[in-house]
Amino acid sequence: MPYTPSEIEPKWQQRWAEARVAEVDVNAPGEKFYMLNMFPYPSGDLHVGHGRNYILGDAIFRAFRMRGRMALNPMGWDAFGLPAENAAIKRGTHPRQWTLGNIARMKAQFERWGILYDWSKELASCEPEYYRWNQWLFLQLYKRGLAYRGKAPVNWCPTDQTVLANEQVIDGRCERCGSVVVQRELEQWFFKITDYADRLDAGLDSLDDWPEKVKLMQRNWIGRSVGADVEFSVPALGKPIRIFTTRPDTIYGATFMVLAPEHPDVAALIADHPQRADIEQWIAAVSNQSNLERQEAGKEGRFTGKFAVNPFTNEEIPIWLGNFVLMQYGTGAIMAVPGHDERDFEFAQQYGIEVRRVVDGGELPYVDKENGVAVNSPLIDGLKFAQAVERIIDEIERRGIGKRMVRYRLRDWLISRQRYWGTPIPMLYCDRCGIVPVPEEQLPVTLPLDVPFTGREGNPLAKDARFVNATCPQCGGATRRETDTMDTFVDSSWYFCRFITPRDDTKIFDSALVNRWLPVDQYIGGIEHAILHLLYARFITRTLYDMGLVNFEEPFARLFNQGVITKEAYKDQSGAWVALSEVEFRDGKPYRGEELLTAEVGKMSKSHFNVVPPDELIAKYGADTERVYTLFIAPAEKEAAWSDEGVVGASRFLNRVWAHGEALLASSGQRTASRVLTRKTHQTIAAVTQRIERFEFNTAISALMELSNAIGDAVTRGDDVREVYVALLQLLHPFAPHITEELWERMGEKGFILDAPWPVSDPELMKEDVATIVVQVNGKLRGQVEVPSPPSEEQVFAAVAANETVQKWLSGKEIVKRVYIPGKLVNLVIR
RNA sequence: GCGAAAGUGGCGGAAUUGGUAGACGCGCAGGUCUCAGAAGCCUGUGAUCAUUAGAUCAUGGGGGUUCGAUUCCCCCCUUUCGCACCA
């Protein structure tokens, strides 16, 4: 019988579904293993690039389950968000309809890949059963002062008509649509993630099984800096101005002070300035600029006409306003040390301010902290950075003009969105009582479904009188409901807990069970979430910890980021992307007619015409082939280029595995597996087991190919190698589940191969009985000798001495050194 | 600019603690089967020299440590990614 995946794959998918093989009773005893893929946004069709993520997860799930773990692999939908709303505006379908339709399509796609999820635990963040707990969580954070409404300069995306979190602004542009983000001063809801900056930073140290890269990115984002706050008295103001510095050791070199244009003391400082109007105009202009624009404009400033007193030199130093000082960081004011800071130097050069050297070393501006020694600084002359800082801060604290300070770059998480398709923020605005939270028993605040989508005039919720008008729970009077919705990253910052008890309508989750199942043992998703989602999830988990709802602070014990799958796309000479059907290859070069096209390898995208849809591939080769190829193509964390020819190799491999099974069934061989094949089998079991744990799927599969080739040779010789073959099927199952189930059954084995225990390697059977020792003379390969294994050192040197080829090289020379690497090689150094 | 990772055949990529570089697969070449083709299957496949045996050179470039370096150290080059006036 030929191998026909189109028949066996649906058959096994159906059987697994009927037997509910992936359903887990969270109360049942066993050693838990929580495998989780980041839940996807239901955008519609999936391509082979998306498949990598889920195929990896399924392979891990199956392998751990076969190794006896009670493995849970749930799936849900990050179902709120802008694309649904945009689709509604464009096509007139309701975001909910659009989203549910996509979910159905993606679910069918997962099934065709043979991926096993516990669908009894499915959840979608757009359902009131889910988002009511978002609202509940919001209220708990509000109670604890961790959710607050504040006015601040925020990032506004003019295209998406909403504010964005700092984390959603990439290079000054909206993460979603790429529009240049503008600054606006608005009153919005924030989560006080900055209260957790120190814990989020410190916690990274405990994440041994996270990629270093992700930890580093988070560390940089949190941006912990150690330094001091120092007050500089300002006689004209009658009160001091506080600055933050990481270089207190350079304070003797502070020849001026710079305030952010938005600094609260600016108005008083320039009140009597002759060019006050000009300065105010300049401040207004700078305030409207984004950071990106300010940076492009170069250093600019205005002198306030007032002076501060440097507490260490007692000199009066001018107070300037500067576009490079940010109100959001530190105190919005700096002491400028042009001799030892590049930005201050640049500013000083431009405005002719004195540059003073206070650290000996290289050319000014000299910023090296490691090698310099303090000079012109009476209190600390001759000291290096660390001691100098200590002395200065001690003195600052002694005088009561400041203190040691740790500051963070991280800013509070802006969670308000002026969009419809999200969780309504459960807050009310009462003219009499002010801001009033919706009482918990009134949750959920349901998103009204029958609103019109015009795409204009902002959020449709704000125009829905039935939604907006409410009764105040405190005074009983009429109130206005908050019409902003929550950032969808709120939804995804705790969903991994909800999967354990997804239908509980009395509480957010069951703490005892969540404490049993979490942290997630293996979390898999793209690197694009290195900061956003993972930071927010770590933050919310800590707030849950502080509420006593969970007993862990880190939600994800082990993290893996898969690389993207790329494919060649073709551009014509005008730079437009060309559909693949129009491209023809001559001499390996892409043409459209006579026009030479340029090839560019990139992420799969419909607009680049380089998407590989899995359905065609599955129809031609089967899902198992796609799975094996996807895992074999490259190390899973690396970017990998899809190759249609490469798929053929995976297909051939599975066909051979099938053919060997057929041959074994057809003939009754005589001899059992040879010693060499037995050894290879046990080595393969050990290798595959270890490589799955290390996410080295490409080499795990290559080891299985080697074993399969060895089995092929044995089958050709007529050996009965059923036992070895069955072990191969088991090892292969996590990667190619359908074909292995089918062959398992054909070989007369009982039950699902999925439920069969993972084969165990016997260290005794892995040993070689003859050791081949490589002989080097002066480091060059000069021969080999075979000795019984395990050999003694004497046996080896005796065999080497007796070897003819080696003797030829040794003739007349003296051996000055003998090196023996047990079991591997001998090196003789001669002269 | 700062930070991080990486550079191995025509291609994707392998190589415990330094120990026969190129596993496995793609591609290519030859063979087999066929009227022919496709698919299988078998053999070969880093480069150079040599009829062969074999030799020499090869892991971005240059140096070093070592009996021995893809692996460790120093310098340089290139690529990718992250952050970007954070005081």
Side-chain angles (χ1 to χ4, degrees), chain A residues 2 170-172 211-221 223-225 227 243-247 250 254 258 260 291-292 294-299 322-326 328-337 340-344 346-347 367 407-411 527 530-531 588 628-629 632-635 637-653 655-656 659 690 696 698-709 712 716 772-784 815-831:
Chain A
I170 311 289
D171 292 335
E212 287 303 320
K213 182 182 166 136
V214 174
K215 287 193 276 185
L216 187 70
M217 282 168 71
Q218 291 220 357
R219 204 159 261 139
N220 290 341
W221 189 261
R224 183 173 193 271
S225 333
I243 60 99
F244 172 67
T245 179
T246 55
R247 293 296 305 273
T250 62
V258 189
N291 275 1
L292 193 71
R294 291 187 197 194
Q295 216 168 134
E296 278 166 1
K299 300 270 182 300
N323 66 346
F324 68 103
V325 177
L326 306 173
Q328 300 96 316
Y329 184 75
T331 61
I334 62 162
M335 67 173 201
V337 184
H340 306 285
D341 182 283
E342 281 176 21
R343 296 152 301 182
D344 299 349
E346 197 186 321
F347 192 85
V367 298
R407 290 195 181 266
Y408 298 89
R409 210 184 73 114
L410 185 70
R411 287 183 227 154
I527 187 77
I531 292 171
V628 168
Y629 175 65
F632 182 63
I633 182 170
E637 72 280 4
K638 276 190 69 176
E639 186 176 297
W642 187 269
S643 139
D644 293 327
E645 294 85 49
V647 177
V648 175
S651 176
R652 282 181 195 150
F653 167 53
N655 270 296
R656 276 195 293 264
Q690 187 185 59
E696 295 166 355
N698 56 331
T699 53
I701 290 173
S702 76
L704 290 171
M705 287 173 169
E706 284 186 59
L707 182 60
S708 167
N709 290 345
T716 310
T772 306
I773 308 287
V774 174
V775 185
Q776 294 182 344
V777 178
N778 281 353
K780 303 240 162 149
L781 173 65
R782 296 301 181 211
Q784 305 189 339
I815 298 173
V816 293
K817 194 175 175 184
R818 307 190 303 179
V819 183
Y820 174 50
I821 311 287
K824 289 203 169 159
L825 67 79
V826 159
N827 190 11
L828 305 171
V829 184
I830 61 170
R831 209 181 276 137

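Residue numbers start from 1 in every chain, and the chains themselves are labelled A, B, ... in the order their sequence lines are given, proteins ahead of strands.
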- Query: Which whole number of Å gives the distance between the P atom of B:A69 and that of B:U20?
  - Reply: 12 Å
- To the nearest 0.5 angstrom, please state how far the OG atom of A:Ser643 sits from the OH atom of A:Tyr629. 4.0 Å
- Task: May I ask you to evaluate whether A:Ser225 reaches the phosphate of B:A87, defined as a side-chain N or O under 4.0 Å from OP1 or OP2?
- Result: yes
- Query: Rounded to the Å, how far apart are A:Asp644 CG and B:G27 P?
  - Reply: 12 Å
- In B/S/- notation, 5' to 3', how is nucleotides 12-24 of chain B contacted by protein heavy atoms closer than 4.0 Å? BSS-B--BB--BB
- Message: Using whole Å, what does the distance between atom C1' of nucleotide B:C83 and atom CG of A:Leu216 come to?
- Response: 10 Å
- Closest nucleotide of RNA chain B for A:Lys213 versus for A:Gln328: which of these residues is on the 5' side? A:Lys213
- Message: If I take atom OG1 from residue A:Thr699 and atom CD from residue A:Glu706, how far apart are they, to the nearest 0.5 angstrom?
- Response: 10.5 Å
- Query: What nucleotide among B:G82, B:G3, B:A87 has an atom nearest to a side-chain atom of A:Val325?
  - Reply: B:A87
- Message: Measure CZ/A:Arg219 against C1'/B:A4 and give the value in whole Å, please.
- Response: 13 Å
- Message: Using the C1' atom as the point on both nucleotides, what is the distance between B:G62 and B:G7, in whole Å?
- Response: 16 Å
- Message: How close do A:Arg409 and A:Asn220 get, counting heavy atoms only, and between which atoms?
- Response: NE-O, 3.4 Å
- Query: Looking for any heavy atom pair under 4.0 Å, which part of the strands does A:Thr245 touch: base, sugar-phosphate only, or nothing?
  - Reply: sugar-phosphate
- Task: Check A:Ala650 against A:Val628 and note the closest heavy-atom contact, atom names and distance.
- Result: CB-CG1, 3.9 Å
- Task: Please name the pair of heavy atoms, one in A:Gln218 and one in A:Ala530, separated by the smallest distance, quoted to 0.1 Å.
- Result: NE2-O, 2.9 Å
- Can you tell me how far C1' of B:G82 sits from CE of A:Met217, to the nearest Å? 5 Å
- Roughly how far apart are A:Thr245 OG1 and A:Met335 CE, rounded to 0.5 Å? 3.5 Å
- Round to a whole Å and report the spacing from NZ of A:Lys299 to P of B:A87. 14 Å
- Can you tell me how far P in B:C57 sits from the matching atom in B:G12, rounded to whole Å? 27 Å
- Message: Within 45 degrees of the ring normal and closer than 6.0 Å to the centroid, is that where the cationic atom of A:Lys299 sits relative to A:Phe324?
- Response: yes
Short N/O separations, protein against nucleotides 40-45 of chain B, under 3.5 angstrom:
residue, atom, partner, partner atom, Å
B:G40, OP1, A:Arg652, NE, 2.7
B:C41, OP1, A:Arg656, NH1, 3.3

- Note on the structure: Picking from B:C81, B:A84, B:A87, the nucleotide nearest the side-chain atoms of A:Trp221 would be B:A84
- Note on the structure: Rounded to whole Å, CG of A:Asn220 lies from P of B:C83 at a distance of 9 Å
- Message: Defining pairs by Watson-Crick or G-U wobble geometry with both distances under 3.5 Å, how would you list the stems of RNA chain B with at least three pairs each?
- Response: B:1-7 with B:77-83, B:10-12 with B:24-26, B:27-32 with B:40-45, B:46-49 with B:54-57, B:60-64 with B:72-76
- Looking only at atom C1', what distance separates B:C2 and B:A47, rounded to whole Å? 42 Å
- Message: Rounded to the nearest 0.5 Å, what separates atom CD1 in A:Ile334 from atom CD1 in A:Ile243?
- Response: 8.5 Å
- Query: If the C1' atom of B:C77 is compared with that of B:G22, how far apart are they to the nearest Å?
  - Reply: 25 Å
- Same-atom distance (C1') from B:G82 to B:A14, integer angstrom: 29 Å
- Message: Using the P atom as the point on both nucleotides, what is the distance between B:G10 and B:C28, in whole Å?
- Response: 16 Å
- Message: Just the rounded figure in Å: distance from C1' of B:C2 to CZ of A:Arg409.
- Response: 12 Å
- In whole Å, what separates the P atom of B:U71 from that of B:U51? 35 Å
- Message: What is the distance, to the nearest angstrom, from the OH atom on A:Tyr408 to the P atom on B:A87?
- Response: 13 Å
